[in-house]
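Notes to accompany the following structure.
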Amino acid sequence: MRSRFAAAAVVTVVVIGAFYSALRAQQARSVWDGVYTEEQAKRGAVLFDLECAGCHGPAGEGGGMPPALVGGAFTANYDGQTVGDLFERNRTTMPVGKEGQLSAQTIAEITAFLLQCNEFPAGAAELSSQAMMLKTIRFVAEKP
Ligand code: HEC
């Protein structure tokens, strides 16, 4: 009886340990770890052109009032936040005049495009359109 209890305790500890290391691995992910795909950014570029470029410029360079979405001043604004924060900013406050009207999928593709414009590398898996997942990807302006 006692040994069965001990075995169960060991299994529990191992399972909990695996769970936490998986969680930690996910939390450690940043924009430098290839968090979107080339294809996704390409689709995002088309959507950006349609929904955002009119104000922010064709390559997100900004235009008077609407700020640049590329470059050091932009990435500094999100440094230390998460991709989820940028996603939520895009989803709930943009496009001006149509706030909150684009689907989460559309916003994810546009966000992937913005990551590419800011020279964060593409990877093998697409950027999620779930805010909860995106909150686990840290936005780090400078390459570590
Ligand atoms: C009608 C013009 C207009 C359109 C269309 C528009 N924006 Fe904006 N955007 C602005 C203005 C003006 C600001 C600055 C004021 C503010 O922050 O709300 C801004 C600010 C932003 C910011 C904040 C930048 C920072 O440094 O924090 C982001 C991100 C952004 N826009 C993304 C987008 C995206 C993505 C789209 C397309 C889905 C889009 N915008 C469409 C006018 C626009």
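Just so you know, ligand 1 is whichever comes first in the structure, and atom 1 is the first atom listed for that ligand.
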What are the atoms of ligand 1, with element, lying closer than 4.0 Å to any heavy atom of [X]?
X    : answer
R89  : 16 (C), 17 (O), 18 (O), 23 (C)
N77  : 25 (C), 26 (O), 27 (O)
I110 : 35 (C), 38 (C)
E51  : 5 (C), 37 (C), 41 (C)

(message) Could you tell me if the side chain of L134 sits less than 4.5 Å from the side chain of L127, heavy atoms only?
(response)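 They are in side-chain contact.
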(message) Do T92 and R89 have side chains that approach each other closer than 4.5 Å (heavy atoms only, starting at C-beta)?
(response)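 Not touching, per the 4.5 Å side-chain cut-off.
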(request) Could you see which bit of L102 sits under 4.0 Å from ligand 1, with heavy atoms only: side chain, backbone, both or neither? (result)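 Within the 4.0 Å criterion, L102 contacts ligand 1 through side-chain atoms alone.
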(request) Have a look at ligand 1 and work out which part of F48, if any, has a heavy atom under 4.0 Å from it: side chain, backbone, both or neither. (result)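 Within the 4.0 Å criterion, F48 makes no contact with ligand 1.
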(request) Considering only non-hydrogen protein atoms, determine which one is nearest to atom 27 (O) of ligand 1 and report residue, atom name and distance to 0.1 Å. (result)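 Nearest protein contact, heavy atoms only, for atom 27 (O) of ligand 1 is Y78 OH, 2.8 Å.
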(message) My understanding is that only residues two or more places apart in sequence, or in another chain, count here; which of them pass side-chain hydrogen bond (donor to acceptor under 3.5 Å, both in side chains) with E38?
(response)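 With neighbours one apart ignored, the set is Q116.
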(message) Counting neighbours of CD on Q101 that are heavy atoms of other residues, nucleotides or ligands and sit closer than 6.0 Å, is the number greater than 12?
(response)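 Enclosed.
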(message) Quick one about T111 and N90 (side-chain donor to acceptor, distance below 3.5 Å, no hydrogens or angles considered), yes or no?
(response)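 Short answer, yes.
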(request) Apply ring-ring contact (aromatic ring centres under 6.0 Å, His included) to the pair F120 and F139, showing each step before the final yes or no. (result) CA-CA 10 Å; F120 298 116; F139 196 108; 5.4 Å; yes
(message) Below 2.8 Å, which protein N, O or S atoms neighbour atom 8 (Fe) of ligand 1, ignoring water?
(response)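 Per the 2.8 Å query on atom 8 (Fe) of ligand 1, atoms found are H56 NE2, M94 SD.
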(message) Below 4.0 angstrom, counting only protein heavy atoms, does anything approach atom 15 (C) of ligand 1?
(response)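 No, no protein heavy atom sits under 4.0 Å from atom 15 (C) of ligand 1.
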Donor-acceptor pairs under 3.5 angstrom involving side-chain atoms of residues 51-72: please list them, not counting sequence neighbours.
| residue | atom | partner | partner atom | Å |
| --- | --- | --- | --- | --- |
| E51 | OE1 | K98 | NZ | 2.9 |
| E51 | OE2 | K98 | NZ | 3.4 |
| H56 | ND1 | P67 | O | 2.8 |
| E61 | OE1 | A59 | N | 2.8 |

(message) As an exercise, state the distance from CD1 of I137 to CH2 of W32, rounded to the nearest 0.5 Å.
(response)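 Here the interatomic distance stands at 14.5 Å.
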(request) Mind checking the CG-CE spacing from L102 to M94? Nearest 0.5 Å is all I need. (result)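 If we round to the nearest 0.5 Å, L102:CG and M94:CE are 11.0 Å apart.
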Side-chain donor-acceptor pairs of residues 41-49 under 3.5 Å, sequence neighbours excluded:
| residue | atom | partner | partner atom | Å |
| --- | --- | --- | --- | --- |
| R43 | NE | E109 | OE1 | 3.2 |
| R43 | NE | E109 | OE2 | 2.9 |
| R43 | NH2 | E109 | OE2 | 2.7 |
| R43 | NH2 | E126 | OE1 | 3.3 |
| R43 | NH2 | E126 | OE2 | 2.9 |

